[in-house]
K.L.:
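Before I ask anything, here is the structure I am working with.
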Protein chains: 2
Amino acid sequence: MFSAPQTEQATGFKVQRGDGFHSGTVRRIEAKEHVFCEGDPRTHVYRIEDGVIALSKVLSDGRRQIIDFAYPGDYIGLGMFGDHVFDAQATCASKVKCLPTSQLEHDAARDPALALRLYNAVSAELSAARRLLVSVGQGTAMERIASFLIELKGRGGHLEDDIINLPMRRSDIADLLGLTIETVSRTLTKLRMMRIIQIENGNDVRILDPDRLQELAG
Amino acid sequence: MFSAPQTEQATGFKVQRGDGFHSGTVRRIEAKEHVFCEGDPRTHVYRIEDGVIALSKVLSDGRRQIIDFAYPGDYIGLGMFGDHVFDAQATCASKVKCLPTSQLEHDAARDPALALRLYNAVSAELSAARRLLVSVGQGTAMERIASFLIELKGRGGHLEDDIINLPMRRSDIADLLGLTIETVSRTLTKLRMMRIIQIENGNDVRILDPDRLQELAG
DNA sequence: CGAGACGTTGAAGAAGGTCAATGCAAGTGG
DNA sequence: CCACTTGCATTGACCTTCTTCAACGTCTCG
């Protein structure tokens, strides 16, 4: 029961068949509800079934950096030592499938193929984190927004090919890209004015000119 | 032959004994020489023996984001699909031990313990990348510099406990933190003026007030 | 010694942040 | 059904931080 086909470069490499998730229980998560918080013991690994989960770090003064958005088919909670270091919070109503960490580790210690799939899954997360770092560290607001839209386009689950659904608030995008909601908003309006995108139902972005968007991404 | 003890949170989890590196050949790298470049086929995994290797992404217009500094004991070249996506360049004269990728993959497919060590190694890199992302995405110049110094303090290879060696140029620090060399320089000067650090031989930073430095890091 | 690489410092400018007002749609309660 | 609230997005005016541009100092190495 694996969701829509996605590209390999999307965060959370698909572990595919044999990941033990056939036996997991499904948990329903409301918008803004936490799957787990920083400091919680790492009891489970989760596979997103539906919705979007934001992984984030919240600083003592309230600033927040979103590390990644996990989409259906992605895994969260992999590869951490001890307690969770990040928050995992749904940006919209979601479903996740849960597998006890202990079981996964137990299986992986006996099954090199599973262990290698875990290795690949975390490697893909690492690539995604580094791509984001480049964008945040070097890009202007426009470049960050443009490459964010392109990154999302590469993920699955869009009704039409040139329409990107944004199942998160402006504040989530801002916290992912190291900007403010105002800058996100202004930049999206600028892209609208340039006839590069069009905003459809509040949360759907239609890409009118993919080439120019790609150029703007740097 | 494993180098100075280091904390687990340092980038590049030590794979420890049994990583196959007993048989690797050692390669000497001059300052600013590349170990590999973006686009090169991924032929080897490298373990740093001596020096510091900067992993970076260079954009078409010359802007550069350093992803990580690899210190002795760290591994580079792990967990990538196909060709290299980043440059690896020595910031100072260094030595690396090389192991053919094919051999490592061959071994890992038969040895779950090795596969799990790879998994842990990449997981640690992921944690480091995310810590850096938080710093770059949310921190002011001062916060980025302060947490950079603290991060380096956590790595091994310092002669004295409160002296951090900076075996890289200002431009490397700037490209790691998403700042300019001028801002790096000014911020270090400010830290000097505040009597929190002291610069010893051009490249050695003595931490006079670790507590205040920690506060500034956020 | 002279040239190049690197670092520091200053002055001016720009990108993005902060603060504040407005709009808009979805609840909620009378 | 309508007034009121609440959450989110947009837009404008102003301000701060960091960048840019430029000059200068220092060190090393040919």
Side-chain angles (χ1 to χ4, degrees), chain A residues 30-33 54 59 61-65 89-93 135-146 148 165-194 197-205 216 218, chain B residues 30-33 54 59 61-65 89-93 135-146 148 165-194 197-205 216 218:
Chain A
E30 297 303 320
K32 301 207 229 168
E33 190 187 341
L59 306 186
D61 61 358
R63 279 176 295 174
R64 182 178 70 143
Q65 177 68 42
Q89 188 179 21
T91 68
C92 57
S135 179
V136 170
Q138 301 300 322
T140 62
M142 179 60 85
E143 289 168 330
R144 296 184 214 183
I145 294 285
F148 168 69
N165 185 241
L166 297 183
M168 68 279 291
R169 336 228 162 286
R170 295 288 182 272
S171 65
D172 295 323
I173 302 176
D175 289 348
L176 179 81
L177 301 176
L179 300 169
T180 59
I181 52 178
E182 292 94 332
T183 301
V184 171
S185 183
R186 276 188 257 266
T187 307
L188 287 175
T189 355
K190 197 179 284 182
L191 283 171
R192 268 196 287 118
M193 294 305 154
M194 297 165 79
I197 65 170
Q198 188 175 329
I199 294 187
E200 222 105 292
N201 297 324
N203 272 3
D204 289 337
V205 174
L216 287 173
Chain B
E30 297 303 318
K32 299 207 232 168
E33 190 187 340
L59 306 185
D61 61 357
R63 280 175 294 174
R64 183 177 69 145
Q65 177 68 43
Q89 188 179 21
T91 68
C92 58
S135 179
V136 171
Q138 301 300 323
T140 62
M142 180 59 85
E143 289 168 330
R144 297 185 213 182
I145 294 285
F148 168 69
N165 185 242
L166 297 182
M168 69 278 293
R169 334 228 163 287
R170 294 289 183 270
S171 66
D172 296 321
I173 301 175
D175 289 348
L176 178 81
L177 301 177
L179 299 170
T180 58
I181 52 176
E182 293 93 332
T183 302
V184 171
S185 182
R186 277 187 257 266
T187 307
L188 287 174
T189 313
K190 198 179 284 181
L191 284 171
R192 267 195 288 118
M193 294 305 153
M194 297 166 78
I197 64 169
Q198 188 175 327
I199 295 188
E200 220 105 292
N201 297 324
N203 273 4
D204 289 337
V205 174
L216 287 174

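We name chains A, B, ... by the order of the sequence lines, and we start the count at 1 in each one.
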K.L.:
Could you tell me the separation between the CG atom of A/Asn165 and the CG atom of A/Asp204, rounded to the nearest 0.5 Å?
P.N.:
4.5 Å
K.L.:
With a 3.5 Å distance limit and no angle check, can you tell me whether B/Arg192 reaches the backbone of B/Gln198 through a side-chain donor-acceptor pair?
P.N.:
no
K.L.:
Is a donor on one side and an acceptor on the other found under 3.5 Å between the side chain of B/Arg144 and the backbone of B/Gly137?
P.N.:
no
K.L.:
Angle between the two end axes of the helix from C/dC1-D/dG30 to C/dG30-D/dC1, five base pairs per end, rounded to 10 degrees?
P.N.:
30°
K.L.:
Is the distance from OP1 or OP2 of C/dC6 to the nearest side-chain N or O of B/Arg169 less than 4.0 Å?
P.N.:
yes
K.L.:
What's the CD1-P distance between B/Ile145 and C/dT8, to the nearest Å?
P.N.:
11 Å
K.L.:
Just call it for B/Lys190: base, sugar-phosphate, or nothing, with non-hydrogen atoms closer than 4.0 Å on any strand.
P.N.:
nothing
K.L.:
Counting N and O atoms only, with roles assigned by atom type, does the side chain of A/Glu143 sit under 3.5 Å from a partner on the main chain of A/Thr140, one being a donor and the other an acceptor?
P.N.:
yes
K.L.:
Between the main-chain N or O of A/Pro167 and the side-chain N or O of A/Thr91, is there a donor-acceptor pair closer than 3.5 Å?
P.N.:
yes
K.L.:
Give the B/S/- string for nucleotides 11-30 of chain D, one per nucleotide from 5' to 3', where a protein heavy atom under 4.0 Å of the base yields B, of only the sugar-phosphate yields S, and otherwise -.
P.N.:
BBB----SBBB---------
K.L.:
Within a strict 4.5 Å, meaning less than it, do heavy atoms of the A/Phe148 and A/Val184 side chains meet?
P.N.:
no
K.L.:
Please report the distance, rounded to the nearest Å, between CZ in A/Arg170 and C1' in D/dT10.
P.N.:
9 Å
K.L.:
In chain order, what residues pass the salt bridge (Lys or Arg N to Asp or Glu O under 4.0 Å) check against A/Glu200, with sequence neighbours excluded?
P.N.:
A/Arg206
K.L.:
Just the rounded figure in Å: distance from P of C/dA25 to CD1 of A/Ile199.
P.N.:
14 Å
K.L.:
Closest approach of A/Thr183 and A/Ala141, non-hydrogen atoms and distance?
P.N.:
CG2-CB, 3.7 Å
K.L.:
Can you tell me how far C1' of D/dC8 sits from CG of A/Asn201, to the nearest Å?
P.N.:
16 Å
K.L.:
In whole Å, what is the span from the CG atom of B/Asn203 to the P atom of C/dA5?
P.N.:
18 Å
K.L.:
Taking CG from B/Leu188 and P from C/dT8, how many angstroms apart are they, rounded to a whole number?
P.N.:
7 Å
K.L.:
Grab the CG-P distance between B/Asp172 and C/dC6 for me, whole Å please.
P.N.:
9 Å
K.L.:
I'd like to know if B/Arg64 pairs up with B/Asp172 as an ion pair, taking the criterion as any Lys NZ or Arg NE/NH1/NH2 lying under 4.0 Å from an Asp or Glu carboxylate oxygen.
P.N.:
yes
K.L.:
If I take atom CD1 in residue B/Ile173 and atom P in nucleotide C/dG7, what distance separates them, rounded to the nearest angstrom?
P.N.:
8 Å
